[in-house]
Protein chains: 2
Amino acid sequence: MIRDEALRLFAERGADAVTVRQIAAAAGVSAGLVVHHFGSKAGLLEAVDQHVLGLFDAMLAELSAGSGADPLAPESSGSLAEAVTRHLPADSPIPAYLRRLLLDGGDAGRQLFRRLFTASQAALDALSAAGLAARGPDPLVRAAFLMANDLAVLLLRDHLADVLGTDPLSTDGMTRWTAEVLTVYTAGLLPPHPTEPEEGIQ
Amino acid sequence: MIRDEALRLFAERGADAVTVRQIAAAAGVSAGLVVHHFGSKAGLLEAVDQHVLGLFDAMLAELSAGSGADPLAPESSGSLAEAVTRHLPADSPIPAYLRRLLLDGGDAGRQLFRRLFTASQAALDALSAAGLAARGPDPLVRAAFLMANDLAVLLLRDHLADVLGTDPLSTDGMTRWTAEVLTVYTAGLLPPHPTEPEEGIQ
DNA sequence: TCAGATACTGAACGCATGTACAGGATACTA
DNA sequence: TAGTATCCTGTACATGCGTTCAGTATCTGA
């Protein structure tokens with residue numbers, strides 16, 4: 001499928017760096033056909049954007065539905081990264097495309113971010129209502145902070161994998177990351193007992 | 001100066017989306033001169049990369065030196081965003097360029113990220129030694145988490161400004177953001193008293 | 001069977017790009 | 001004042017881009 005190959009290449013290199021001819025070659029067709037089906041490269045890009053936004057909406061819906069069912073599970077803190085890891089194969093181009101969408105994507109990116117922010121606010125409110133978290137002195141900023149922390153994993157995936165030695169979106173890496181994040185969110189950064197020294201790890 | 005105009009345009013639109021002719025026009029010279037001075041567009045890009053990396057190193061050095069002097073100050077938690085805000089004019093293209101460097105920049109980006117990660121580890125160690133934070137069960141991940149949270153402000157600046165109504169790298173926005181982050185890092189997300197309901201704000 | 005829609009190709013076009021180059025202007029040295 | 005290095009311009013060129021288009025194959029329905 002032309003659109004899937006375009007999605008993969010756009011995610012990998014960015015839409016500007018990919019030529020219509022490369023997409024056509026990857027899909028095993030001629031460049032003319034790509035334009036014939038989508039009108040133009042911009043049309044193709046928009047089709048891919050809409051496709052990914054659709055997938056994402058489905059994921060987000062399932063995520064918030066799931067958190068209603070079991071708000072005590074760690075993933076109900078609204079972790080997009082975890083939802084991505086759980087619903088998508090390890091080599092899916094979707095995470096990278098979401099990244100591009102948030103960073104380059106003009107209007108689609110803003111739409112996506114706003115939807116995420118609303119979801120993050122709702123998640124924080126739900127946790128607060130359940131007594132599992134406080135909305136804090138500045139709930140808007142707290143919701144944004146939690147969302148930004150979550151997105152950072154997506155945006156910095158490659159760099160983090162580089163320094164940590166584990167892809168943070170793999171099952172193992174996610175577990176490791178989530179455990180640490182949960183520790184901080186539960187008790188903050190402070191040591192449990194100020195007089196008792198920490199064990200030195202690494 | 002040609003290099004400064006290139007820096008500004010690269011930061012704004014990304015290196016690939018800027019032409020040598022645009023840079024030349026912005027600097028008030030001919031396209032030929034740009035190539036004459038820097039050999040090629042790639043050479044210019046490398047020169048700008050090195051320039052920004054140099055500026056950044058100076059900032060990082062001053063940051064860690066400052067944290068040694070007063071490790072109790074909020075900014076000594078190693079906040080890159082705050083260092084950027086403090087040392088650079090509000091309309092500086094440097095934050096946006098750092099963003100591009102981390103996201104697109106191949107080798108320079110990786111270098112930058114590694115340097116940041118090392119600094120983050122050192123900051124966490126220093127805070128731990130001072131009894132102000134724990135290295136946690138997985139210090140590597142904790143250092144990465146703190147750094148990623150910090151970088152997220154840089155990477156998502158525009159989107160955050162959009163939903164919050166304040167540029168998080170402005171003085172006001174930074175104050176607001178830092179206060180909330182410090183609250184979470186100090187006490188976690190949990191409400192101070194489980195039975196006592198939160199005040200509803202917003 | 002046959003007409004018409006649809007899928008598809010390959011060549012061509014205009015355009016913008018990075019770069020090369022020949023030469024003009026300017027400044028510095030002797 | 002003459003020579004020379006440096007700064008700088010405008011033109012030109014090859015390349016690769018998105019897109020157009022005429023034409024061919026393949027499928028669909030009556």
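Just so it is clear: chains get the letters A, B, ... in the order the sequence lines come, proteins before strands, and each one is counted from 1. Everything numeric here is computed off the predicted structure, so don't read it as measured data.
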Using the side-chain contact (heavy atoms from CB on, under 4.5 Å) definition, which of the options L182(A), L146(A), V184(A) pairs with L189(B)?
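Answer after filtering L182(A), L146(A), V184(A): L146(A).
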Tabulate atom names and distances for all N/O pairs under 3.5 angstrom spanning the protein and nucleotides 4-7 of chain C.
none

Using atom CE of M1(B) as one end and atom P of dC8(D) as the other, report the distance to the nearest whole Å.
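Rounding to the nearest Å, CE of M1(B) and P of dC8(D) are 11 Å apart.
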Could you give the CD1-to-P distance, from I23(A) to dT9(C), as a whole number of Å?
15 Å
Under 3.5 Å, which protein N or O atoms sit close to an N or O of nucleotides 18-20 of chain C? Give each pair with its distance.
| from | atom 1 | to | atom 2 | distance (Å) |
| --- | --- | --- | --- | --- |
| dG18(C) | OP1 | K41(B) | NZ | 3.0 |
| dG18(C) | OP2 | V20(B) | N | 3.0 |
| dG18(C) | N7 | R21(B) | NH1 | 2.9 |
| dG18(C) | O6 | R21(B) | NH2 | 3.1 |
| dT19(C) | OP2 | K41(B) | N | 2.7 |
| dT19(C) | O4 | R21(B) | NH2 | 3.4 |

Evaluate side chain to side chain contact (heavy atoms under 4.5 Å, CB included) for V153(B) paired with M174(B), printing each intermediate quantity in order.
CA-CA 10 Å; V153(B) 179; M174(B) 191 81 242; 5.5 Å; no
Counting N and O atoms only, with roles assigned by atom type, does the side chain of E180(A) sit under 3.5 Å from a partner on the main chain of D138(B), one being a donor and the other an acceptor?
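Yes, because the side chain of E180(A) sits within donor-acceptor range (under 3.5 Å) of the backbone of D138(B).
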Report yes or no: does T85(B) contribute a side-chain atom to a donor-acceptor pair with the main-chain N or O of S170(B) at less than 3.5 Å?
no
Between L160(A) and A152(A), which heavy-atom pair has the shortest distance, and what is it?
CD1-O, 4.4 Å
Work out which heavy atom in Q121(A) is nearest to a heavy atom in L140(A); give both atom names and the distance.
NE2-CD1, 3.1 Å
To the nearest 0.5 Å, tell me how far E46(B) CD sits from D49(B) CG.
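The CD atom of E46(B) sits 7.5 Å away from the CG atom of D49(B).
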For the residue pair F113(A) and H159(B), categorise the inter-ring angle as parallel (less than 30°), tilted (30 to 60°) or perpendicular (more than 60°).
parallel
